[in-house]
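Bear in mind that the values here come from a model prediction, so they are computed numbers and not experimental data. Residue numbers start from 1 in every chain, and the chains themselves are labelled A, B, ... in the order their sequence lines are given, proteins ahead of strands.
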Amino acid sequence: MPELPEVETVRRGLERLIVNKTIKAEEHDTQKGFPNNPEEVAQFLIGATITAVRRRAKVLLIDLSTGYSLLVHLKMTGQMVYVDDAARFGAGHPNDSLIHELPDRSTRVTLTLKEGGKLFFNDQRKFGWMKLLPTELIMETPFMQKVGPEPLEATFTDEVFISRVRRRKNSPIKAALLDQSVLAGIGNIYADEGLWGAKIHPSTLVRDVTDKQLRELRTELQTVLKLAIEKGGSTDRNYVNAEGKKGSYMDFARVFRKENTPCPRCGMTIMKTRVAGRGTHICLHCQPEPQHA
DNA sequence: CACTTGACCTGTCCGC
DNA sequence: TGCGGACAGGTCAAGT
């Protein structure tokens with residue numbers, strides 16, 4: 001669920017809440033993957049000041065004064081939540097919050113800050129990970145080597161999008177959008193939303209999608225990603241921002257999780273099906289089924 | 001090389 | 001009520 005808008009929302013929250021603060025202590029459970037090297041944690045994490053919080057694709061990059069960075073991937077159910085020492089979840093905004101008390105049983109890593117407050121990495125399904133890495137080596141990791149362009153940067157032009165998507169000519173267009181080496185940050189929610197916006201059936205093979213449709217799709221993806229960031233992301237089940245609060249994009253979603261409701265464009269009932277191994281939401285009137293797929 | 005499928009996990013929901 | 005199975009969906013390894 002955390003896709004580009006959710007990770008970007010967390011990034012913005014963390015930037016506001018933890019930059020210039022110093023990590024005093026670290027605790028973790030026995031989850032594989034962290035700490036990757038306890039000696040590095042002692043030397044380069046404990047006592048480090050957080051200098052910046054960046055994002056590339058769906059990965060958070062928390063830069064430290066020691067020349068190391070903490071990389072975090074939330075995968076499906078990961079959360080990065082900052083709590084100050086006086087926080088009481090749900091107080092005043094009971095509908096905003098999914099979290100009542102931290103740590104809870106999904107907490108994997110807890111960072112205590114010298115200035116007060118704690119940062120929790122929670123992950124119910126344990127697919128997510130946290131890694132400590134020298135900052136200068138981030139871009140040499142296999143994922144960073146292969147990941148595609150950021151869809152909201154000015155360099156992400158129609159030409160760039162079309163040429164990269166065309167590498168997957170025999171794939172359904174939805175599979176191509178989910179491929180992080182084609183472009184960064186799209187997941188199941190925004191793939192469905194963008195394809196509905198561009199009126200393309202998700203099963204259509206890339207070779208059967210016209211350049212004109214791909215130009216519309218690029219525009220739709222950018223529009224929906226920007227709107228989702230503005231709404232603080234989508235909370236389907238687990239996602240919360242850096243303050244433990246839900247995002248509201250699901251209130252604006254046109255097809256995702258809207259099966260059996262009317263299409264906001266034509267009124268036909270939205271269907272749920274399966275494409276590229278994923279639950280997929282479509283309006284068959286707006287997104288006619290391709291002939292050969 | 002292009003493409004698809006299964007594995008990794010846990011919690012929830014649905015049918016019997 | 002209990003229980004098995006499907007499902008949720010990001011990424012990588014292994015398979016065709």
Atom NZ of A:K75 to atom P of B:dC9: distance rounded to whole Å?
-> 11 Å

Using the six-membered ring wherever Trp is involved, compare the ring planes of A:W129 and A:H73 and label them parallel, tilted or perpendicular (cut-offs 30° and 60°).
-> tilted

If each of A:R278 and A:R168 is mapped to the nucleotide of DNA chain B with the nearest heavy atom, which maps nearer the 5' terminus, i.e. the 5' end?
-> A:R168

Inter-nucleotide P distance (B:dC9, C:dC3), Å rounded = 24 Å

Go through A:K174 and A:S203 one step at a time and tell me if the side-chain hydrogen bond (donor to acceptor under 3.5 Å, both in side chains) criterion holds.
-> CA-CA 7 Å; A:K174 179 164 177 177; A:S203 296; over 6 Å; no

Rounded interatomic separation in angstrom, taking NZ from A:K174 and P from B:dC3 = 18 Å

Rounded off to whole Å, could you give me the CZ-to-P distance for the A:R105 and B:dC9 pair?
-> 18 Å

Begin with the C-alpha distance, continue with both residues' side-chain angles, and end with the deciding distance and a verdict on side chain to side chain contact (heavy atoms under 4.5 Å, CB included) for A:F121 and A:H28.
-> CA-CA 9 Å; A:F121 173 49; A:H28 57 90; over 6 Å; no

What nucleic acid atoms does A:G187 come within less than 4.0 Å of, heavy atoms only: base, sugar-phosphate, or nothing?
-> sugar-phosphate

Integer angstrom distance from the P of C:dC7 to that of B:dT5 | 15 Å

Donor + acceptor pair across side chains of A:S234, A:Y190 (<3.5 Å) = yes

Does C:dG9 have a Watson-Crick or wobble mate here (both distances under 3.5 Å), and if so which one?
-> none

For A:I173 and B:dT4, give me the distance from atom CD1 to atom P, rounded to whole Å.
-> 12 Å

Find which nucleotide of DNA chain C each of A:R125 and A:P142 is nearest to by heavy atoms, and output the residue with the more 5' nucleotide.
-> A:R125

Inter-nucleotide C1' distance (C:dC12, B:dG11), Å rounded = 23 Å

Identify which one of A:E193, A:E230, A:K231 satisfies the side chain to side chain donor-acceptor pair (under 3.5 Å) criterion when paired with A:Y249.
-> A:E193

Taking atom C1' in both B:dG6 and C:dA6, compute the distance separating them and give it to the nearest angstrom.
-> 16 Å

Paired with B:dC9: which nucleotide, if any, by Watson-Crick or G-U wobble criteria at under 3.5 Å for both distances?
-> none

Does any donor atom in the side chain of A:Y68 or A:E136 lie under 3.5 Å from an acceptor atom in the other side chain?
-> no

Whole Å only: how far is the CZ atom of A:R257 from the C1' atom of B:dT12?
-> 11 Å

CG of A:L74 versus C1' of B:dC8: gap in Å, rounded?
-> 17 Å

Can you check the A:K169 NZ to B:dC1 P distance for me, whole Å?
-> 15 Å

Can you tell me how far C1' in C:dG10 sits from the matching atom in B:dC13, rounded to whole Å?
-> 22 Å

Are A:N241 and A:T9 linked by a side-chain donor-acceptor pair shorter than 3.5 Å?
-> no

Does any donor atom in the side chain of A:S65 or A:T51 lie under 3.5 Å from an acceptor atom in the other side chain?
-> no

Taking 5' to 3' order, which nucleotide of DNA chain C is first and which is last to have an atom within less than 4.0 Å of a heavy atom in chain A?
-> C:dA8 to C:dC12

Using a cut-off of strictly less than 4.0 Å, decide whether A:N170 has a side-chain nitrogen or oxygen near OP1 or OP2 of B:dA2.
-> no

